[in-house]
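Contents: one structure, followed by commentary.
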Amino acid sequence: TTTATICLFDNVNLALTSNVASSYVWKATANTNTTGESTTHQTATTISDVITNNTTSVQKVTYTVTPTSTAGSCAGTAQTLTITVNPKPAMTSTTSAVICSEGTVSIPLTSNVASTTFAWLATDNPNTTGESITTQNTTTLSNTLTNTSTSVQTVSYTVTPTSPAGCVGNSQTVNVTVNPKPNMTSSNTIAICSGNPVSLALSADVTSNFLWLATNNVNTTGESTTNQSSSTINDNITNNTNAIQTVTYTITPTSTVGSCIGNSQVVNVTVNPTPTLSSSLAPPAICSGTTFNYTALGNVVGSAFSWTRASQAGIAESGTSGAPDVSETLTNTSLSDVNVDYVYTSTANGCSNNQNVVVAILPSPQGSFTGNTRCAGDNASFGKLTWTATAGTGPYTVDYAPGTQANVTSGVAFNLPVAKPIADSTYVLTQVTDNYGCIRTSGFTAGTATVVATGTAISITQGTPATTTTCAGTTTTF
């Protein structure tokens, strides 16, 4: 043959033959774009040069072969042999890539020889899915890879180029780093009481940073409705209603290695309302010695109630506690109002709240009952009784044997029903009722009054005034 085709780094491996038994002398004409051809005379019967094409284009090396017969040493006509040396393709595309799990690696494959084709496949990684472990022939290395672990994984590809002339280049290893995407591992539900912080520490299965924000709830305040980047949801949320409210947060994790964005998590925060008393915190005052009845009512359906009352000065009964309502007799031992404080605890949905219910215990009326002194013989002199109070609120109703006087002002005397007793008369208090209806029936400071009747009336006429009436035995100046 007068022609042959080889690839870069291949052996020419051309056996020389002639029509008669011969020996040969041969050499190549130097090609500046190739190396390895023998440019000095050689005598081997096979051209076995290993020729390197130092370019990316086809090169030709020309040999001249002269045969000499072994019988008679007759030199034959020299023959020209042309060896076509095709370049082997070398990969020029990248040898590495980094993606996030569930991302697509997309590497356009290139070589130094135009129109090269490629064969590529991956080594199976048991911690990833999506890699092609059978030979692919596309000009782009493209796989969607999922890292099924929480650590960085590498998928190794082998890419082999083949030139249009069929020359197979050296294989290239392409390493694709597949960073894991974070998955949220912190709780997606939490319940708090109104006015308390959420205090939810965020976590993921790989080290991550977090972005989070809440969807606005018109019935709550305190939730962050703009992006926050702390690792704890620490909003202090207030439920402005009497019903349970839900605040919804969206949390997006981003891994610190590779900045891979994980799937967002929805966290629902249940904000329970603060249970409070809807019944009055200042019930009407009661009189000492009567029963205080209080029925607790709450703003949250299903609320439970308990209460405590401490011992205090001015109240005879010792401290006590109970649930849910109050019904007890309270005795005021002082001469003024005593405010009794009940500490009420309302509980609902695991939330509790303390409030003070204060009731005034009015004292029983207290004081002295006294009578006057009248001139028994003077028609203008009347018997009078006086109630002088040290406790209670007037006007008073004063019951005594044998009468009743309403609208009595403390310290102001009132006439007896029998206005002109002619002898000393004693009157005993049986009951005093003040303006609030508080009653005392015994234990008065002075509960017996005496109206004293003295002497007889005499009339003196002289000077000015012309006539003066006075009681015998008294001194009168006129």
Side-chain angles (χ1 to χ4, degrees), residues 187 189-200 217 219-223 235-247 268-365 391-393 434 436-441:
S187 176
T189 60
I190 191 171
I192 64 170
C193 297
S194 178
N196 288 333
V198 176
S199 297
L200 176 63
N217 182 327
N219 294 318
T220 61
T221 53
E223 63 268 29
D235 286 348
N236 195 311
I237 304 177
T238 299
N239 182 343
N240 299 313
T241 73
N242 296 330
I244 295 172
Q245 298 294 322
T246 299
V247 175
N268 289 318
V269 178
T270 299
V271 187
N272 292 305
T274 300
T276 59
L277 291 169
S278 58
S279 46
S280 176
L281 301 181
I286 66 168
C287 294
S288 175
T290 61
T291 300
F292 174 53
N293 291 306
Y294 184 83
T295 300
L297 301 174
N299 65 325
V300 178
V301 175
S303 292
F305 308 98
S306 61
W307 55 267
T308 61
R309 175 181 61 79
S311 297
Q312 66 185 97
I315 297 298
E317 289 75 20
S318 298
T320 187
S321 61
D325 302 325
V326 178
S327 181
E328 64 171 341
T329 299
L330 296 172
T331 304
N332 184 342
T333 60
S334 73
L335 298 178
S336 57
D337 297 355
V338 176
N339 289 328
V340 174
D341 193 353
Y342 290 86
V343 179
Y344 248 95
T345 301
S346 304
T347 304
N349 303 308
C351 302
S352 61
N353 181 43
N354 290 338
Q355 292 174 281
N356 290 356
V357 175
V358 180
V359 59
I361 311 303
L362 306 177
S364 296
T393 303
D434 74 359
Y436 290 111
C438 297
I439 298 170
R440 178 180 289 276
T441 60

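When reading the values below, keep in mind they use all heavy atoms of this one structure, side chains included, and skip hydrogens, waters and symmetry mates. On a predicted model such as this, the values are computed, not experimentally measured, just so you know.
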| query | Got a second to check how far S187's OG is from L200's CG, nearest 0.5 Å? | reply | 6.5 Å
| Spacing of I286 atom CD1 and N293 atom CG [to the nearest 0.5 Å] | 8.5 Å
| message | For T276, is there any backbone N or O sitting under 3.5 Å from a side-chain donor or acceptor partner on N353? | response | no
| task | Could you pull out the closest heavy-atom pair between S352 and T347, with the gap in Å? | result | CB-OG1, 3.8 Å
| query | How many angstroms lie between atom CG of N349 and atom OG of S303, to the nearest 0.5 angstrom? | reply | 8.0 Å
Show me the donor-acceptor pairs, under 3.5 Å and distance only, between side chains in residues 354-361 and residues at least two apart or in other chains.
unit_1 : atom_1 : unit_2 : atom_2 : d
N354   : OD1    : T345   : OG1    : 2.6
Q355   : OE1    : L277   : N      : 2.7
N356   : ND2    : D341   : OD2    : 3.3

| request: With rounding to the nearest 0.5 Å, note down the distance linking CD1 in I237 to SG in C193. | output: 12.0 Å
| Heavy atoms, side chains only, cut-off 4.5 Å: are C351 and P273 in contact? | no
| message | Ignoring hydrogens, what is the shortest heavy-atom contact between I192 and P197? Give both atom names and the distance. | response | CG2-O, 3.8 Å
| message | Under a 4.0 Å threshold between the charged nitrogen and the carboxylate oxygen, would R309 count as salt-bridged to E317? | response | no
| Is any side-chain heavy atom of N217 less than 4.5 Å from a side-chain heavy atom of E223? | yes
| Quick check: does any side chain N or O of S311 sit under 3.5 Å from a backbone N or O of S318, one acting as donor and the other as acceptor? | no
| field | Separation between OG1 of T333 and CD1 of I315, rounded to the nearest 0.5 Å | value | 6.5 Å
| field | Closest heavy-atom pair and its distance - N239, T220 | value | CA-CG2, 4.2 Å
| task | Identify the two heavy atoms, one from S334 and one from P363, that lie closest to each other, and give their separation to 0.1 Å. | result | O-CB, 3.5 Å
| task | Verify, without hydrogens or angle tests, whether N272 (side chain) and I244 (backbone) share a donor-acceptor contact under 3.5 angstrom. | result | no
| task | Quick one: pull up CD in E328 and OG1 in T320 and give me the separation to the nearest 0.5 Å. | result | 6.5 Å
| said: With heavy-atom distances below 4.5 Å as the criterion, would you say the side chains of C287 and S364 are in contact? | reply: no
| Given Y294, which of W307, Y342, Y344 fulfils the ring-ring contact (aromatic ring centres under 6.0 Å, His included) condition? | Y344
| query | Which heavy-atom pair separates T274 from V300 by the least distance, and what is that distance? | reply | O-CG2, 4.0 Å
| said: Ignoring hydrogens, what is the shortest heavy-atom contact between S336 and N332? Give both atom names and the distance. | reply: O-ND2, 2.8 Å
| said: Measuring only between side-chain heavy atoms, which start at C-beta, is T291 closer than 4.5 Å to S327? | reply: yes
| Donor-acceptor side-chain pairing of N219 and N240 below 3.5 angstrom | no
| query | Can you find a heavy atom in the side chain of P275 that is under 4.5 Å from one in the side chain of F305? | reply | no
